[in-house]
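Okay, so here's the structure we're looking at.
Quick caveat, the model's predicted, so the values are computed rather than measured. All residue numbers refer to positions in the sequence shown, counting from 1. Both counts, for ligands and for their atoms, begin at 1 and track the order of listing.
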Amino acid sequence: MVGRAAKAWASPNLAFIKYWGNRDDLLRLPMNGSISMNLAGLTTTTEVEWQDSLSADSLILNDTPQTGEPLRRVVAHLNALRQRLGITGHAHVISANNFPTGTGIASSASAFAALTMAAVSAAGISLSERELTTLARLGSGSASRSIPSGFVQWVAGETHEDSYAETVAPPEYWDLVDVIAIVSSTHKAVGSSEGHPSAKTSDLQTARVAGAAARLEICKEALLTRNFAAFAEVVELDSNLMHAVMMTSKPSLFYWLPMSLEIMHAVRLWRAEGLQVCYTLDAGPNVHCICIKSDADEVRDRLSALSGSLTIRVAPVGKGVQLEPLSLA
Ligand code: PMV
């Protein structure tokens with residue numbers, strides 16, 4: 001690729017305090033702030049080339065040209081970037097995940113963080129990190145948190161400009177590891193983009209949102225003082241609250257499988273026995289077991305002992321989005 005081209009990679013992130021439901025679905029302005037860690041070792045790498053001669057955008061994902069929903073979402077995001085930044089032409093986008101698609105690890109955060117960085121940079125536009133987080137947010141809310149490095153807070157805000165993400169602490173600040181128990185890798189029935197609008201149909205969403213800012217402060221304080229007991233309590237509570245909203249939405253979104261619940265019970269028991277581990281689940285049945293690095297091997301072994309059919313991935317705290325040298329065309 002030559003000319004108006006650039007390449008970037010980004011990692012997905014795992015929220016300790018969750019984002020669920022928007023005040024504005026189009027701008028993806030969340031009902032509440034959230035806090036997360038980037039997942040090292042898992043990456044989406046994306047090359048973007050803008051050309052005035054192209055009549056449409058195109059997307060190759062994991063070596064396969066795309067036509068359906070993935071292309072529609074990428075085109076919608078490129079439209080937003082064209083409109084807001086005055087970029088001309090259409091884009092040829094080549095993207096790949098180093099974690100197999102369909103493992104149940106959500107890739108929209110890393111995908112839209114890498115796409116935003118590559119598309120903006122390919123257009124020769126230089127933006128602040130904060131501006132990049134607001135633009136990534138338009139593609140997928142959680143993508144805003146994959147732009148900054150390490151532990152990241154997304155400030156809810158009330159307008160496009162003030163709903164942004166920033167680093168709370170660098171990756172090396174606390175040796176946390178996400179030991180991911182992949183309970184099911186089949187594609188989730190209702191994805192988060194469809195799920196967010198349903199949050200307001202649950203009677204419990206108002207209560208969840210009302211307490212979210214306080215939980216975020218407790219979580220941030222626990223993180224900054226490396227207080228695992230306080231951290232574990234608020235992280236599990238926040239995940240349970242989000243899933244209570246999901247389960248009581250109309251129609252009900254029920255992501256837990258029997259094995260998810262079995263692992264949640266086991267994690268609580270292991271913590272009572274002295275392991276520094278807690279659980280959290282996103283919009284799917286997989287259980288993220290967050291633990292202190294020195295306990296990660298033990299947690300992994302115990303998960304394997306629970307069920308031989310679990311696939312397990314281990315991710316320490318990762319960096320934010322990065323530009324990469326272009327490969328030769
Ligand atoms: O950014 P989205 O639309 O994929 O939503 C992410 C929603 C959760 O993963 C369930 C929670 C979160 O804060 O990441």
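- Under the side chain to side chain donor-acceptor pair (under 3.5 Å) criterion, W20 pairs with no residue at all, not counting sequence neighbours.
- Ligand 1 has no N or O atom lying under 3.5 Å from any N or O atom of S193, backbone or side chain.
- Within ligand 1, the atoms closer than 4.0 Å to a non-hydrogen atom of M242 are 10 (C), numbered from 1 in the order shown.
- Screening F231, F151, F16 for a ring pair (Phe, Tyr, Trp, His ring centres under 6.0 Å) involving W174 leaves a single residue, F231.
- Looking only at protein heavy atoms, the nearest one to atom 2 (P) of ligand 1 is S192 OG, 3.4 Å.
- Heavy-atom separations between A283 and ligand 1 include at least one value shorter than 4.0 Å.
- Under a 3.5 Å cut-off, the side chain of R300 and the backbone N or O of V179 do not form any donor-acceptor pair.
- A donor-acceptor contact shorter than 3.5 Å links the side chain of S163 to the backbone of A156.
- Contact annotation for S108 and ligand 1: only side-chain heavy atoms (C-beta onward) come within less than 4.0 Å of the ligand.
- At the top of the distance list for atom 9 (O) of ligand 1, counting protein heavy atoms only, stands D282 CG, 3.5 Å.
- Atom 5 (O) of ligand 1 has its closest protein heavy atom at H196 NE2, 3.0 Å.
- Taking a cut-off of under 4.0 Å to the non-hydrogen atoms of K18, the atoms of ligand 1 that pass are 13 (O).
- Looking at atom 12 (C) of ligand 1, its nearest protein heavy atom turns out to be R145 NH2, 3.4 Å.
- With sequence neighbours excluded, the residues that form a salt bridge (Lys or Arg N to Asp or Glu O under 4.0 Å) with E298 are R302.
- Residues K18 and D282 are paired through a salt bridge, judged by an N-O separation under 4.0 Å between the basic side chain and the carboxylate.
- Among the atoms of S142, some N or O lies under 3.5 angstrom from an N or O of ligand 1.
- Nearest residue to atom 6 (C) of ligand 1 from F16, F112, Y19 is Y19 (criterion: closest heavy atom).
- Without hydrogens or angle criteria, S252 side chain to M247 main chain gives a donor-acceptor distance under 3.5 Å.
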